[in-house]
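See structure below.
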Amino acid sequence: MAAELKLERGRPLDGFAEELSKASSDAVRLQTAPARSVINLRGTADESLVTDAQMALGVELPLMPNRWHGGERMAAIWLGPDEWLIVAPQGEAANVEQAMREARPNDPWLSLVDVSHNYTRVALSGPSARDVLAKGCALDLRPDQFATGDCAQTVLAKAPVLLRALPEVDSFELWFRNSHAGYLAVWLLDAVRF
Amino acid sequence: MPRRLEKSTSRDRTRRFLNRMYTNNWLKLPVGKVRYGIMCREDGMVFDDGTTARIAEHRYLMTTTTGNAAAVLDHLEEYLQTEWPELRVRLTSVTEQWATVGVAGPLSARVLAKLAPETDFSPESFPFMSWQDATIGGINARIFRISFTGELQYEINVPWHYGESLWDAVMAAGAEFDIAPYGTETMHVLRAEKGFIIVGQETDGTQTPYDLGLDWAVSDGEGLHRPSLTRAGGLPAVGPQATCGPHPGGPRHRHSGRHAACGVGKSDPPPVPMEGFVTSSYASPALGGCFCLALVREAGIVTAKSSRRRQRSGGSAGAGKDLRSGDVRQGRSAARWRLN
(Lines give C-alpha, C1' and ligand atoms only; values in the text may rest on other atoms or scores of the structure.)
Protein backbone atom coordinates (compact mmCIF):
# COMPACT_ATOMS: atom_id res chain seq x y z
CA MET A 1 0.00 0.00 0.00
CA ALA A 2 2.77 2.39 0.98
CA ALA A 3 4.36 2.01 -2.42
CA GLU A 4 1.49 3.70 -4.20
CA LEU A 5 0.55 6.06 -1.37
CA LYS A 6 0.59 9.63 -2.57
CA LEU A 7 -0.76 12.56 -0.58
CA GLU A 8 -2.77 15.03 -2.63
CA ARG A 9 -2.80 18.75 -2.11
CA GLY A 10 -6.20 20.13 -1.16
CA ARG A 11 -7.39 23.71 -1.23
CA PRO A 12 -9.79 25.07 1.35
CA LEU A 13 -11.74 27.07 -1.24
CA ASP A 14 -12.14 24.27 -3.80
CA GLY A 15 -15.79 23.99 -2.91
CA PHE A 16 -16.32 27.71 -3.46
CA ALA A 17 -14.53 28.24 -6.78
CA GLU A 18 -17.69 28.06 -8.86
CA GLU A 19 -19.73 30.24 -6.53
CA LEU A 20 -16.99 32.87 -6.33
CA SER A 21 -16.77 32.93 -10.10
CA LYS A 22 -20.57 33.17 -10.46
CA ALA A 23 -20.79 35.98 -7.92
CA SER A 24 -18.26 38.06 -9.86
CA SER A 25 -19.48 40.93 -12.01
CA ASP A 26 -18.07 43.94 -13.84
CA ALA A 27 -18.30 45.81 -10.54
CA VAL A 28 -16.28 43.31 -8.53
CA ARG A 29 -14.42 40.13 -9.36
CA LEU A 30 -13.48 37.40 -6.87
CA GLN A 31 -10.99 34.68 -7.57
CA THR A 32 -8.76 32.35 -5.59
CA ALA A 33 -5.06 33.09 -5.92
CA PRO A 34 -2.62 30.40 -7.07
CA ALA A 35 -0.31 28.70 -4.57
CA ARG A 36 2.98 30.47 -3.88
CA SER A 37 5.94 29.90 -1.63
CA VAL A 38 5.84 32.23 1.35
CA ILE A 39 8.69 32.70 3.80
CA ASN A 40 8.54 34.62 7.05
CA LEU A 41 11.78 36.58 7.39
CA ARG A 42 12.78 38.16 10.68
CA GLY A 43 16.03 40.05 11.14
CA THR A 44 17.49 43.30 12.33
CA ALA A 45 16.36 45.96 9.86
CA ASP A 46 19.37 47.84 8.53
CA GLU A 47 20.92 48.81 5.21
CA SER A 48 23.00 45.65 4.97
CA LEU A 49 19.97 43.39 5.37
CA VAL A 50 18.17 45.29 2.64
CA THR A 51 21.23 45.13 0.34
CA ASP A 52 21.80 41.43 0.96
CA ALA A 53 18.14 40.56 0.40
CA GLN A 54 18.20 42.57 -2.82
CA MET A 55 21.25 40.62 -4.01
CA ALA A 56 19.98 37.22 -2.90
CA LEU A 57 16.31 37.52 -3.81
CA GLY A 58 16.11 40.38 -6.28
CA VAL A 59 13.58 42.20 -4.14
CA GLU A 60 13.97 45.19 -1.84
CA LEU A 61 12.73 44.76 1.73
CA PRO A 62 10.48 47.72 2.53
CA LEU A 63 11.55 49.61 5.66
CA MET A 64 8.49 51.84 5.46
CA PRO A 65 5.61 50.37 7.49
CA ASN A 66 2.67 48.87 5.61
CA ARG A 67 4.38 48.78 2.22
CA TRP A 68 5.27 45.96 -0.12
CA HIS A 69 7.82 45.81 -2.91
CA GLY A 70 8.29 43.57 -5.92
CA GLY A 71 5.96 42.10 -8.45
CA GLU A 72 4.27 38.96 -9.63
CA ARG A 73 7.32 36.70 -9.28
CA MET A 74 8.99 37.92 -6.09
CA ALA A 75 7.64 40.26 -3.45
CA ALA A 76 8.50 41.43 0.06
CA ILE A 77 5.67 42.49 2.37
CA TRP A 78 6.30 44.57 5.51
CA LEU A 79 4.77 42.99 8.62
CA GLY A 80 6.69 44.73 11.39
CA PRO A 81 9.93 46.57 12.16
CA ASP A 82 11.88 43.30 11.95
CA GLU A 83 9.50 41.08 10.03
CA TRP A 84 8.58 40.53 6.39
CA LEU A 85 6.83 37.98 4.19
CA ILE A 86 8.78 36.93 1.11
CA VAL A 87 6.56 35.71 -1.72
CA ALA A 88 8.25 33.47 -4.30
CA PRO A 89 7.19 31.04 -7.02
CA GLN A 90 5.76 27.79 -5.68
CA GLY A 91 8.39 25.30 -4.56
CA GLU A 92 11.06 27.96 -4.04
CA ALA A 93 10.91 28.22 -0.24
CA ALA A 94 14.06 26.18 0.38
CA ASN A 95 15.92 28.14 -2.30
CA VAL A 96 14.92 31.45 -0.73
CA GLU A 97 16.18 30.30 2.65
CA GLN A 98 19.44 29.00 1.18
CA ALA A 99 20.05 32.19 -0.83
CA MET A 100 19.51 34.36 2.23
CA ARG A 101 21.66 32.15 4.46
CA GLU A 102 24.47 32.29 1.91
CA ALA A 103 24.14 36.05 1.60
CA ARG A 104 24.28 36.47 5.40
CA PRO A 105 26.61 33.73 6.66
CA ASN A 106 27.48 35.72 9.76
CA ASP A 107 24.00 36.80 10.74
CA PRO A 108 22.94 34.61 13.64
CA TRP A 109 19.88 36.75 14.18
CA LEU A 110 18.30 35.95 10.83
CA SER A 111 15.19 33.76 10.97
CA LEU A 112 13.58 32.22 7.90
CA VAL A 113 10.49 30.04 8.30
CA ASP A 114 8.48 28.45 5.51
CA VAL A 115 4.86 29.53 5.94
CA SER A 116 3.68 28.64 2.42
CA HIS A 117 0.79 26.61 3.80
CA ASN A 118 -0.20 29.11 6.50
CA TYR A 119 -2.51 31.19 4.31
CA THR A 120 -5.32 31.12 1.81
CA ARG A 121 -5.44 34.03 -0.63
CA VAL A 122 -8.25 35.57 -2.63
CA ALA A 123 -7.98 38.36 -5.21
CA LEU A 124 -10.67 41.02 -5.27
CA SER A 125 -10.86 43.62 -8.03
CA GLY A 126 -13.14 46.03 -9.82
CA PRO A 127 -14.63 49.47 -9.25
CA SER A 128 -16.74 48.20 -6.30
CA ALA A 129 -13.93 46.25 -4.61
CA ARG A 130 -13.29 48.99 -2.06
CA ASP A 131 -16.98 49.16 -1.18
CA VAL A 132 -17.11 45.41 -0.62
CA LEU A 133 -14.11 45.54 1.72
CA ALA A 134 -15.54 48.57 3.51
CA LYS A 135 -18.50 46.47 4.59
CA GLY A 136 -16.25 44.56 6.97
CA CYS A 137 -13.04 46.55 7.34
CA ALA A 138 -12.60 49.77 9.31
CA LEU A 139 -9.51 50.97 7.43
CA ASP A 140 -9.71 54.01 5.17
CA LEU A 141 -9.40 52.32 1.79
CA ARG A 142 -9.95 55.36 -0.45
CA PRO A 143 -7.49 55.43 -3.37
CA ASP A 144 -5.51 58.35 -1.95
CA GLN A 145 -5.08 56.45 1.36
CA PHE A 146 -4.60 52.87 0.27
CA ALA A 147 -3.17 52.25 -3.18
CA THR A 148 -0.63 50.15 -5.07
CA GLY A 149 2.30 49.21 -2.87
CA ASP A 150 0.32 49.51 0.35
CA CYS A 151 -0.48 46.64 2.67
CA ALA A 152 -2.02 46.27 6.10
CA GLN A 153 -2.67 43.64 8.69
CA THR A 154 -6.22 44.28 9.69
CA VAL A 155 -9.55 42.67 10.42
CA LEU A 156 -12.21 41.84 7.83
CA ALA A 157 -15.57 40.73 9.17
CA LYS A 158 -13.88 39.92 12.50
CA ALA A 159 -11.25 37.68 10.84
CA PRO A 160 -7.58 38.70 10.83
CA VAL A 161 -6.41 39.38 7.27
CA LEU A 162 -3.43 40.76 5.42
CA LEU A 163 -4.65 43.18 2.77
CA ARG A 164 -2.44 44.10 -0.16
CA ALA A 165 -3.14 46.66 -2.91
CA LEU A 166 -1.98 45.18 -6.23
CA PRO A 167 -0.51 47.16 -9.15
CA GLU A 168 -3.70 47.01 -11.20
CA VAL A 169 -6.30 49.70 -10.44
CA ASP A 170 -8.85 48.77 -7.78
CA SER A 171 -7.20 45.42 -7.27
CA PHE A 172 -6.54 43.79 -3.89
CA GLU A 173 -5.33 40.57 -2.42
CA LEU A 174 -6.62 39.13 0.85
CA TRP A 175 -4.53 36.74 2.92
CA PHE A 176 -6.18 34.83 5.74
CA ARG A 177 -5.91 31.65 7.75
CA ASN A 178 -6.91 28.45 5.99
CA SER A 179 -9.39 27.71 8.75
CA HIS A 180 -11.10 31.07 8.14
CA ALA A 181 -11.34 30.46 4.39
CA GLY A 182 -14.84 28.99 4.33
CA TYR A 183 -16.18 31.67 6.65
CA LEU A 184 -14.65 34.53 4.65
CA ALA A 185 -15.75 33.02 1.33
CA VAL A 186 -19.34 32.95 2.55
CA TRP A 187 -18.99 36.50 3.88
CA LEU A 188 -17.54 37.72 0.55
CA LEU A 189 -20.29 35.99 -1.45
CA ASP A 190 -22.79 37.95 0.60
CA ALA A 191 -20.82 41.20 0.61
CA VAL A 192 -20.52 41.40 -3.20
CA ARG A 193 -24.33 41.74 -3.43
CA PHE A 194 -25.39 45.38 -3.30
CA MET B 1 -5.27 20.61 17.52
CA PRO B 2 -2.30 22.11 19.31
CA ARG B 3 -1.15 25.53 18.25
CA ARG B 4 2.38 26.11 17.16
CA LEU B 5 5.13 28.66 17.17
CA GLU B 6 8.38 28.18 15.39
CA LYS B 7 11.39 29.80 16.91
CA SER B 8 14.46 30.13 14.87
CA THR B 9 17.65 31.78 15.89
CA SER B 10 21.05 31.78 16.99
CA ARG B 11 23.73 30.30 19.16
CA ASP B 12 22.51 29.25 22.55
CA ARG B 13 20.13 32.08 23.08
CA THR B 14 16.91 30.28 22.26
CA ARG B 15 17.42 27.65 24.91
CA ARG B 16 18.25 30.35 27.41
CA PHE B 17 15.01 32.05 26.45
CA LEU B 18 13.09 28.79 26.90
CA ASN B 19 14.84 28.32 30.23
CA ARG B 20 13.48 31.66 31.37
CA MET B 21 9.98 31.28 30.01
CA TYR B 22 9.39 27.73 31.27
CA THR B 23 9.79 26.50 34.82
CA ASN B 24 11.93 23.50 33.91
CA ASN B 25 15.45 23.13 32.51
CA TRP B 26 15.97 23.53 28.75
CA LEU B 27 19.73 23.70 28.55
CA LYS B 28 20.30 20.08 27.55
CA LEU B 29 17.55 19.25 25.08
CA PRO B 30 19.22 17.62 22.06
CA VAL B 31 18.09 18.01 18.45
CA GLY B 32 15.43 15.39 17.76
CA LYS B 33 13.99 15.43 21.27
CA VAL B 34 10.83 16.90 22.75
CA ARG B 35 10.21 18.24 26.24
CA TYR B 36 7.12 19.19 28.22
CA GLY B 37 7.16 22.57 29.87
CA ILE B 38 5.10 24.66 32.28
CA MET B 39 4.98 28.37 31.52
CA CYS B 40 4.32 30.73 34.43
CA ARG B 41 3.70 34.42 34.57
CA GLU B 42 5.91 36.60 36.73
CA ASP B 43 3.54 36.06 39.64
CA GLY B 44 4.37 32.36 39.57
CA MET B 45 0.94 31.25 38.41
CA VAL B 46 0.61 28.71 35.61
CA PHE B 47 -0.07 30.47 32.31
CA ASP B 48 0.37 27.70 29.74
CA ASP B 49 1.86 24.29 29.14
CA GLY B 50 2.89 22.26 26.13
CA THR B 51 5.69 20.46 24.38
CA THR B 52 8.61 22.02 22.57
CA ALA B 53 10.76 20.11 20.09
CA ARG B 54 14.30 20.98 19.10
CA ILE B 55 14.01 20.98 15.31
CA ALA B 56 17.59 21.97 14.50
CA GLU B 57 20.63 23.36 16.27
CA HIS B 58 19.04 26.80 16.61
CA ARG B 59 15.41 26.11 15.86
CA TYR B 60 12.58 24.98 18.12
CA LEU B 61 8.90 24.21 17.58
CA MET B 62 6.66 25.12 20.52
CA THR B 63 3.10 23.94 21.01
CA THR B 64 0.71 25.74 23.32
CA THR B 65 -2.73 25.17 24.75
CA THR B 66 -5.10 25.36 21.79
CA GLY B 67 -6.94 28.51 22.72
CA ASN B 68 -3.90 30.21 24.20
CA ALA B 69 -1.55 30.45 21.19
CA ALA B 70 -2.06 34.14 20.48
CA ALA B 71 -1.70 35.06 24.15
CA VAL B 72 1.49 32.97 24.45
CA LEU B 73 2.95 34.53 21.31
CA ASP B 74 2.23 38.00 22.72
CA HIS B 75 3.71 36.99 26.08
CA LEU B 76 6.94 35.69 24.50
CA GLU B 77 7.23 38.64 22.12
CA GLU B 78 6.72 41.11 24.96
CA TYR B 79 9.60 39.67 26.98
CA LEU B 80 11.84 39.55 23.92
CA GLN B 81 11.12 43.17 23.07
CA THR B 82 11.11 44.68 26.55
CA GLU B 83 13.23 42.53 28.86
CA TRP B 84 15.78 40.62 26.82
CA PRO B 85 16.14 42.22 23.38
CA GLU B 86 19.77 41.10 23.43
CA LEU B 87 18.64 37.49 23.00
CA ARG B 88 17.23 38.36 19.56
CA VAL B 89 15.15 35.20 19.48
CA ARG B 90 12.69 35.39 16.58
CA LEU B 91 9.19 33.95 16.73
CA THR B 92 6.98 32.94 13.84
CA SER B 93 3.49 31.51 14.20
CA VAL B 94 3.16 28.31 12.18
CA THR B 95 -0.20 27.30 13.58
CA GLU B 96 -1.75 26.81 10.15
CA GLN B 97 1.42 25.90 8.30
CA TRP B 98 1.08 22.37 9.66
CA ALA B 99 -1.83 19.95 9.85
CA THR B 100 -1.61 17.29 12.56
CA VAL B 101 -3.11 13.83 12.81
CA GLY B 102 -2.70 12.06 16.15
CA VAL B 103 -2.59 8.26 15.98
CA ALA B 104 -3.05 6.72 19.43
CA GLY B 105 -3.27 3.21 20.80
CA PRO B 106 -1.16 0.10 21.26
CA LEU B 107 -1.14 -0.67 17.51
CA SER B 108 -0.39 2.88 16.38
CA ALA B 109 3.23 2.06 15.50
CA ARG B 110 2.00 -0.56 13.03
CA VAL B 111 -0.23 1.99 11.32
CA LEU B 112 2.66 4.45 11.18
CA ALA B 113 4.98 1.80 9.76
CA LYS B 114 2.63 1.36 6.81
CA LEU B 115 2.48 5.11 6.18
CA ALA B 116 6.21 5.78 6.51
CA PRO B 117 7.96 2.51 5.59
CA GLU B 118 11.39 4.11 5.65
CA THR B 119 11.08 5.07 9.30
CA ASP B 120 12.00 2.66 12.11
CA PHE B 121 9.28 2.86 14.76
CA SER B 122 10.90 0.46 17.21
CA PRO B 123 11.02 2.00 20.70
CA GLU B 124 14.83 1.95 20.58
CA SER B 125 15.00 3.96 17.35
CA PHE B 126 12.00 6.15 18.03
CA PRO B 127 11.66 6.64 21.80
CA PHE B 128 8.99 8.55 23.67
CA MET B 129 9.47 12.35 23.54
CA SER B 130 11.42 12.35 20.31
CA TRP B 131 10.59 13.35 16.76
CA GLN B 132 11.86 12.46 13.27
CA ASP B 133 11.63 13.72 9.72
CA ALA B 134 9.79 11.26 7.49
CA THR B 135 8.30 10.91 4.04
CA ILE B 136 4.61 10.03 3.80
CA GLY B 137 3.06 9.63 0.37
CA GLY B 138 5.82 11.69 -1.21
CA ILE B 139 5.41 14.57 1.23
CA ASN B 140 7.91 15.68 3.86
CA ALA B 141 6.41 15.11 7.29
CA ARG B 142 7.47 15.42 10.90
CA ILE B 143 6.45 12.62 13.24
CA PHE B 144 6.42 13.31 16.98
CA ARG B 145 6.16 10.53 19.53
CA ILE B 146 4.30 12.48 22.18
CA SER B 147 1.04 11.70 23.90
CA PHE B 148 -1.81 13.63 25.44
CA THR B 149 -3.99 10.51 25.62
CA GLY B 150 -1.49 8.54 27.70
CA GLU B 151 -1.52 5.82 25.05
CA LEU B 152 1.32 4.96 22.73
CA GLN B 153 0.85 7.85 20.34
CA TYR B 154 2.35 9.56 17.33
CA GLU B 155 1.47 12.98 15.99
CA ILE B 156 2.05 13.36 12.26
CA ASN B 157 2.61 16.87 10.92
CA VAL B 158 2.34 17.62 7.20
CA PRO B 159 2.05 20.94 5.38
CA TRP B 160 -1.51 22.11 5.97
CA HIS B 161 -2.85 21.56 2.46
CA TYR B 162 -2.00 17.85 2.68
CA GLY B 163 -3.86 17.38 5.96
CA GLU B 164 -7.08 16.02 4.54
CA SER B 165 -5.23 13.62 2.27
CA LEU B 166 -3.13 12.45 5.23
CA TRP B 167 -6.30 11.80 7.24
CA ASP B 168 -7.64 9.56 4.47
CA ALA B 169 -4.31 7.74 4.26
CA VAL B 170 -4.23 7.12 8.04
CA MET B 171 -7.79 5.76 8.02
CA ALA B 172 -6.98 3.49 5.07
CA ALA B 173 -3.77 2.22 6.66
CA GLY B 174 -5.53 1.59 9.95
CA ALA B 175 -8.57 -0.17 8.50
CA GLU B 176 -7.10 -3.63 9.08
CA PHE B 177 -6.64 -2.72 12.78
CA ASP B 178 -10.20 -1.39 13.14
CA ILE B 179 -8.96 2.18 13.47
CA ALA B 180 -11.60 4.70 14.57
CA PRO B 181 -11.64 8.48 14.84
CA TYR B 182 -11.74 9.83 18.36
CA GLY B 183 -13.08 13.20 19.36
CA THR B 184 -12.12 15.73 21.97
CA GLU B 185 -14.35 14.18 24.65
CA THR B 186 -12.50 10.87 24.33
CA MET B 187 -9.21 12.70 24.36
CA HIS B 188 -10.22 14.56 27.51
CA VAL B 189 -11.34 11.38 29.30
CA LEU B 190 -8.06 9.68 28.42
CA ARG B 191 -5.93 12.59 29.58
CA ALA B 192 -7.90 12.92 32.81
CA GLU B 193 -7.35 9.21 33.51
CA LYS B 194 -3.65 9.97 33.23
CA GLY B 195 -3.99 13.02 35.43
CA PHE B 196 -2.83 15.39 32.68
CA ILE B 197 -4.05 18.91 33.29
CA ILE B 198 -5.61 21.33 30.83
CA VAL B 199 -4.57 24.90 31.46
CA GLY B 200 -7.80 26.88 31.69
CA GLN B 201 -9.74 23.89 32.95
CA GLU B 202 -7.73 22.68 35.95
CA THR B 203 -6.35 26.19 36.29
CA ASP B 204 -7.86 29.66 36.45
CA GLY B 205 -4.69 31.71 36.73
CA THR B 206 -4.37 31.25 40.50
CA GLN B 207 -2.46 27.95 40.63
CA THR B 208 1.26 27.50 40.91
CA PRO B 209 2.95 24.43 39.40
CA TYR B 210 3.19 23.04 42.96
CA ASP B 211 -0.56 23.35 43.42
CA LEU B 212 -1.00 21.10 40.39
CA GLY B 213 1.46 18.46 41.53
CA LEU B 214 3.93 19.52 38.88
CA ASP B 215 6.89 19.97 41.22
CA TRP B 216 8.88 17.66 38.95
CA ALA B 217 8.64 20.25 36.18
CA VAL B 218 10.07 23.08 38.26
CA SER B 219 13.81 23.52 38.28
CA ASP B 220 16.02 25.84 40.26
CA GLY B 221 17.00 27.65 37.08
CA GLU B 222 16.49 31.19 35.88
CA GLY B 223 12.79 31.03 35.07
CA LEU B 224 10.43 33.96 35.20
CA HIS B 225 8.51 32.19 37.97
CA ARG B 226 11.45 31.96 40.38
CA PRO B 227 11.19 35.22 42.35
CA SER B 228 7.51 34.75 43.10
CA LEU B 229 7.75 31.09 43.99
CA THR B 230 10.82 31.39 46.20
CA ARG B 231 10.66 34.74 47.94
CA ALA B 232 10.42 34.90 51.73
CA GLY B 233 6.89 35.27 52.95
CA GLY B 234 5.62 33.67 49.84
CA LEU B 235 2.38 34.18 48.10
CA PRO B 236 -0.82 35.21 49.77
CA ALA B 237 -3.30 32.42 49.99
CA VAL B 238 -5.67 32.70 47.10
CA GLY B 239 -8.63 30.43 47.47
CA PRO B 240 -8.42 26.69 47.63
CA GLN B 241 -4.97 25.26 47.94
CA ALA B 242 -4.63 22.72 45.33
CA THR B 243 -4.42 19.14 44.67
CA CYS B 244 -5.30 17.30 41.58
CA GLY B 245 -6.34 13.71 41.47
CA PRO B 246 -8.65 11.28 39.76
CA HIS B 247 -11.42 10.09 42.01
CA PRO B 248 -12.92 6.87 40.76
CA GLY B 249 -16.21 5.42 41.77
CA GLY B 250 -19.41 7.02 42.86
CA PRO B 251 -22.22 8.10 40.62
CA ARG B 252 -21.97 8.23 36.86
CA HIS B 253 -21.55 11.92 36.62
CA ARG B 254 -20.63 14.96 38.65
CA HIS B 255 -20.65 18.54 37.59
CA SER B 256 -17.44 20.47 37.26
CA GLY B 257 -17.40 23.34 39.68
CA ARG B 258 -19.34 21.38 42.29
CA HIS B 259 -17.70 21.88 45.63
CA ALA B 260 -15.97 19.10 47.44
CA ALA B 261 -16.00 18.98 51.20
CA CYS B 262 -13.44 17.25 53.34
CA GLY B 263 -13.70 15.28 56.53
CA VAL B 264 -17.37 15.87 57.16
CA GLY B 265 -20.43 13.76 56.81
CA LYS B 266 -23.60 14.64 55.03
CA SER B 267 -25.39 15.00 58.34
CA ASP B 268 -22.92 17.53 59.70
CA PRO B 269 -24.57 20.85 60.42
CA PRO B 270 -23.79 23.78 58.19
CA PRO B 271 -21.67 25.65 57.51
CA VAL B 272 -19.86 22.80 55.81
CA PRO B 273 -16.26 23.78 55.17
CA MET B 274 -15.49 24.06 51.48
CA GLU B 275 -12.25 22.36 50.77
CA GLY B 276 -12.08 22.66 47.04
CA PHE B 277 -13.93 22.04 43.81
CA VAL B 278 -14.15 19.69 40.88
CA THR B 279 -12.42 20.99 37.77
CA SER B 280 -13.09 18.11 35.36
CA SER B 281 -15.62 15.32 35.55
CA TYR B 282 -16.11 12.40 33.21
CA ALA B 283 -18.22 9.28 33.02
CA SER B 284 -16.09 6.16 32.92
CA PRO B 285 -17.60 2.93 31.64
CA ALA B 286 -14.44 1.15 32.78
CA LEU B 287 -14.91 2.29 36.37
CA GLY B 288 -18.66 1.98 36.34
CA GLY B 289 -19.00 5.54 37.55
CA CYS B 290 -17.55 8.94 37.20
CA PHE B 291 -14.14 10.22 38.06
CA CYS B 292 -12.97 13.74 38.57
CA LEU B 293 -10.01 15.98 38.79
CA ALA B 294 -10.34 18.45 41.62
CA LEU B 295 -8.52 21.19 43.41
CA VAL B 296 -8.59 20.32 47.10
CA ARG B 297 -7.10 22.10 50.09
CA GLU B 298 -4.38 20.39 52.11
CA ALA B 299 -5.20 17.00 50.76
CA GLY B 300 -2.51 14.93 52.36
CA ILE B 301 1.05 14.57 53.45
CA VAL B 302 3.63 16.49 51.52
CA THR B 303 7.33 16.23 51.11
CA ALA B 304 8.08 19.87 50.77
CA LYS B 305 11.36 21.50 49.94
CA SER B 306 10.37 24.86 51.34
CA SER B 307 7.84 26.39 53.61
CA ARG B 308 6.35 27.99 50.53
CA ARG B 309 5.55 24.61 49.12
CA ARG B 310 4.26 23.30 52.39
CA GLN B 311 1.99 26.23 52.84
CA ARG B 312 0.91 26.45 49.31
CA SER B 313 0.67 22.98 47.94
CA GLY B 314 -0.59 21.07 50.92
CA GLY B 315 -0.53 17.89 48.97
CA SER B 316 -0.97 16.45 45.59
CA ALA B 317 -2.95 13.39 46.34
CA GLY B 318 -3.17 11.14 43.41
CA ALA B 319 -1.69 13.69 41.06
CA GLY B 320 -0.54 11.88 37.99
CA LYS B 321 -2.11 8.66 39.14
CA ASP B 322 -2.75 6.54 36.13
CA LEU B 323 -6.09 4.82 36.60
CA ARG B 324 -5.27 2.26 33.97
CA SER B 325 -1.91 1.03 35.16
CA GLY B 326 -1.94 2.00 38.81
CA ASP B 327 1.26 3.90 38.19
CA VAL B 328 1.63 6.84 40.51
CA ARG B 329 4.11 9.31 39.13
CA GLN B 330 3.77 11.78 41.94
CA GLY B 331 3.86 9.39 44.85
CA ARG B 332 1.90 11.13 47.52
CA SER B 333 -0.48 9.94 50.14
CA ALA B 334 -4.07 9.44 49.18
CA ALA B 335 -6.37 12.21 50.16
CA ARG B 336 -9.26 11.50 52.43
CA TRP B 337 -11.81 13.72 50.91
CA ARG B 338 -15.04 13.07 49.25
CA LEU B 339 -17.56 14.84 47.15
CA ASN B 340 -20.82 16.01 48.58
Side-chain angles (χ1 to χ4, degrees), chain A residues 1-15 34-45 79-86 90-91 93-94 97 100-101 104-121 153 159-160 175-181, chain B residues 1 4-14 55 57-59 61 70 77 80-81 85-99 112-119 135-141 156-170 172-173 175-176:
Chain A
M1 173 212 151
E4 66 260 28
L5 176 62
K6 189 173 185 313
L7 297 190
E8 302 292 338
R9 187 185 169 103
R11 287 177 183 77
L13 288 179
D14 274 355
R36 308 297 301 276
S37 280
V38 184
I39 298 91
N40 182 274
L41 186 158
R42 298 197 71 170
T44 305
L79 293 182
D82 65 355
E83 185 173 14
W84 296 265
L85 283 182
I86 307 296
Q90 196 182 2
E97 166 149 16
M100 278 305 293
R101 292 274 176 221
R104 313 257 311 163
N106 297 314
D107 184 357
W109 319 124
L110 186 67
S111 162
L112 294 146
V113 179
D114 184 355
V115 289
S116 303
H117 294 267
N118 210 34
Y119 304 97
T120 295
R121 297 180 302 144
Q153 294 168 87
W175 300 49
F176 39 83
R177 286 184 160 203
N178 301 317
S179 54
H180 291 157
Chain B
M1 184 179 298
R4 294 185 176 68
L5 307 169
E6 190 146 331
K7 313 204 307 176
S8 145
T9 179
S10 54
R11 310 296 178 233
D12 293 324
R13 289 178 162 82
T14 311
I55 297 297
E57 189 63 20
H58 303 305
R59 189 177 288 234
L61 182 73
E77 191 74 63
L80 285 171
Q81 290 189 22
E86 74 281 3
L87 293 181
R88 300 198 207 183
V89 174
R90 312 289 191 189
L91 312 170
T92 298
S93 168
V94 290
T95 290
E96 297 215 11
Q97 166 70 13
W98 299 97
L112 268 287
K114 289 176 69 181
L115 294 164
E118 291 159 25
T119 303
T135 303
I136 297 180
I139 301 302
N140 292 331
I156 311 170
N157 286 15
V158 292
W160 192 92
H161 291 90
Y162 295 96
E164 192 172 351
S165 185
L166 172 66
W167 175 269
D168 294 340
V170 171
E176 65 173 291

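Letters A, B, ... mirror the listed sequences (proteins, then strands); counts begin at 1. Values below: every heavy atom of this structure, side chains too, minus hydrogens, waters and symmetry copies.
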>> So, using ring-ring contact (aromatic ring centres under 6.0 Å, His included) as the criterion, who are the partners of A/Phe176 when residues are at least two apart?
In response: none
>> I'd like to check A/Glu8 versus B/Tyr162 (side-chain heavy atoms, cut-off strictly below 4.5 Å). Are they in contact?
In response: no
>> Could you tell me if B/Arg88 and A/Ser111 have a donor-acceptor pair between their side chains, going purely by distance under 3.5 Å?
In response: no
Can you tell me how far the [atom1] atom of [X] sits from the [atom2] atom of [Y], to the nearest 0.5 Å?
{"X": "A/Asn40", "Y": "B/Ser93", "atom1": "CG", "atom2": "OG", "answer": "9.0 Å"}
{"X": "B/Thr95", "Y": "A/Asn118", "atom1": "OG1", "atom2": "CG", "answer": "7.0 Å"}
{"X": "A/His117", "Y": "B/His161", "atom1": "NE2", "atom2": "NE2", "answer": "7.0 Å"}
{"X": "A/Asp114", "Y": "B/Thr92", "atom1": "CG", "atom2": "OG1", "answer": "11.0 Å"}

> Checking heavy atoms, do the side chain of A/Asp82, its backbone, both or neither come under 4.5 Å from chain B?
Replying inline: side chain
> Among B/Val158, B/Leu115, B/Asp168, which one satisfies side chain to side chain contact (heavy atoms under 4.5 Å, CB included) with A/Leu7?
Replying inline: B/Val158
>> Need one label for B/Leu166: side chain, backbone, both or neither, based on atoms under 4.5 Å from any heavy atom in chain A.
In response: both
> Can you tell me if B/Arg90 uses its side chain to pair, donor with acceptor, with the backbone of A/Leu110 under 3.5 Å?
Replying inline: no
> For the side chain of B/Glu96 and the backbone of A/Asn178, is there at least one donor-acceptor N/O pair under 3.5 Å apart?
Replying inline: yes
>> More than 12 heavy atoms of other residues, nucleotides or ligands under 6.0 Å from CD of B/Glu77: yes or no?
In response: yes
> Considering all heavy atoms of both residues, which atom of A/Ser116 and which atom of B/Gln97 are nearest to each other, and what is their separation?
Replying inline: N-OE1, 3.1 Å
> If you take all heavy atoms of A/Leu5 and B/Ile136, which pair is closest and at what distance?
Replying inline: CD2-CG2, 4.0 Å
> So which of A/Glu83, A/Arg11, A/Arg42 has the largest heavy-atom pair count under 4.5 angstrom toward chain B?
Replying inline: A/Arg42
> Could you go step by step and tell me if B/Arg13 and A/Trp109 meet the side-chain contact (heavy atoms from CB on, under 4.5 Å) rule?
Replying inline: CA-CA 10 Å; B/Arg13 289 178 162 82; A/Trp109 319 124; 3.7 Å; yes
